[in-house]
Amino acid sequence: MNVRTPDPNPGWLSEEDLFEARGRLPMVYVEAVPVRLDPLGYVNEVGTLLQADEDGTMVRSLVSGRVIYRETIRAALLRHMEKDLGPLAFPQLPISPVPFTVAEYFPAPSQTGFTDDRQHAVSLAYVIPVTGECEPRQDALELTWMTPAEVLSPGVQMEFSGGRGGLIRQALAFAGVGS
């Protein structure tokens with residue numbers, strides 16, 4: 001059972017072609033950790049998406065999606081932020097499109113700690129402050145804002161799929177938040 005919302009603008013590949021390409025090529029993705037900042041620029045909340053996986057299990061995830069053919073990284077980030085958080089989220093994209101890390105997802109467990117059973121994917125990961133009102137869209141059931149301590153707690157970390165709990169830890173370390 002596929003619980004993902006079909007992409008109304010699949011870019012450059014049909015579903016069949018995408019399936020075949022995923023079996024032959026690494027796919028390029030962007031991932032964003034939405035955060036709210038205090039007046040001094042410190043992270044005081046982290047946004048996570050609650051979704052149902054293919055088995056119906058509730059998992060936490062991040063804003064993410066493919067970079068489509070002829071699309072800039074900045075445009076992909078903005079498109080996926082709007083797609084997942086709504087048009088009034090008002091994300092503050094970074095001045096430079098340099099990610100805080102590059103996550104490599106493999107279809108089976110590997111040394112990277114990131115898995116995606118559909119494909120080999122390379123994901124450019126960003127911490128993106130948002131200032132507006134966020135409403136979960138697409139296949140997200142809920143957007144939850146948590147303090148850094150809450151999102152780093154062992155119970156919440158276990159709710160992330162594909163190793164994304166580790167990505168949250170890296171994002172907060174990058175933002176100067178200790179665990």
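Taken to the nearest 0.5 Å, the OH atom of Tyr29 stands 13.5 Å off from the CD1 atom of Ile73. With values rounded to the nearest 0.5 angstrom, Thr131 atom OG1 is found 9.5 Å from Leu37 atom CG. Here CE of Met158 is found 10.5 Å from OG of Ser153. Values are rounded to the nearest 0.5 Å. Atom CG of Leu77 and atom CD of Glu31 lie 10.5 Å apart (nearest 0.5 Å). Interatomic distance, Ile128 CD1 to Met81 CE, rounded to the nearest 0.5 Å: 6.0 Å. How far CG of Asp84 is from CD of Glu135: 13.0 Å, rounded to the nearest 0.5 Å.
Contact of the Tyr105 side chain with the Val122 side chain is not registered, since no non-hydrogen atoms from C-beta on lie closer than 4.5 Å. Within the 4.5 Å cutoff, side-chain heavy atoms of Cys134 are placed close to those of Trp145. Gln157 places a side-chain heavy atom less than 4.5 Å from the side chain of Arg169. Taking the side chain as every heavy atom from C-beta outward, Arg79 and Ile68 approach each other to under 4.5 Å. The shortest distance between side-chain heavy atoms of Met58 and Leu141 falls below 4.5 Å. Contact annotation: the side chain of Leu172 approaches that of Pro148 to within less than 4.5 Å [non-hydrogen atoms, C-beta and beyond]. Residues Arg60 and Met146 meet the side-chain proximity criterion, which asks for heavy atoms closer than 4.5 Å.
Across His80 and Ser64, no two heavy atoms sit closer than the pair ND1-O, 3.6 Å. Closest approach of Tyr126 and Pro94 over heavy atoms only: CD2-CG, 4.1 Å. Contact between Ala89 and Val130 at its shortest, heavy atoms only, is O-CB, 3.5 Å. Of all non-hydrogen atoms in Arg164 and Ser61, the two that sit nearest each other are CD-OG, 3.8 Å. Heavy atoms only, all atoms of each residue included: Leu85 and Pro34 are closest at CD1-CB, 4.0 Å.
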Side chain to side chain contact (heavy atoms under 4.5 Å, CB included) assessment of Leu167 paired with Phe114: CA-CA 9 Å; Leu167 202 60; Phe114 299 109; 4.0 Å; yes

Arg66/Glu71 under salt bridge (charged side-chain N to carboxylate O under 4.0 Å, His left out): CA gap, chis, key distance, verdict: CA-CA 10 Å; Arg66 283 184 292 132; Glu71 181 178 44; over 6 Å; no

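Of the possible polar contacts, one joining the Glu150 side chain to the Thr147 backbone as a donor-acceptor pair under 3.5 Å is found. Proximity of a side-chain donor or acceptor of Ser110 to a complementary backbone N or O of Thr112 within less than 3.5 Å is detected. Between the side chain of Asp38 and the main chain of Leu40, a donor-acceptor pair closer than 3.5 Å is present.
No path of Ile, Leu, Val, Met, Phe, Trp and Tyr side chains, each step under 4.5 Å between heavy atoms, connects Leu152 with Leu50, placing them in separate hydrophobic clusters. Hydrophobic clustering, with ILVMFWY side chains joined whenever heavy atoms are under 4.5 angstrom apart, groups Ile168 together with Val156. Both Val151 and Phe174 belong to a common hydrophobic cluster when Ile, Leu, Val, Met, Phe, Trp and Tyr are linked at side-chain heavy-atom distances under 4.5 angstrom. No chain of hydrophobic side-chain contacts below 4.5 Å, direct or via other Ile, Leu, Val, Met, Phe, Trp or Tyr residues, connects Phe90 to Leu143. Note on Leu78: it clusters hydrophobically with Val30, by side-chain heavy-atom contacts below 4.5 Å among ILVMFWY residues.
Using cut-offs of 30° and 60° for the angle between ring planes, the Phe106 and His120 rings count as parallel.
Remark: Glu142 CD is packed, more than 12 non-hydrogen atoms of other residues, nucleotides or ligands lying under 6.0 Å away.
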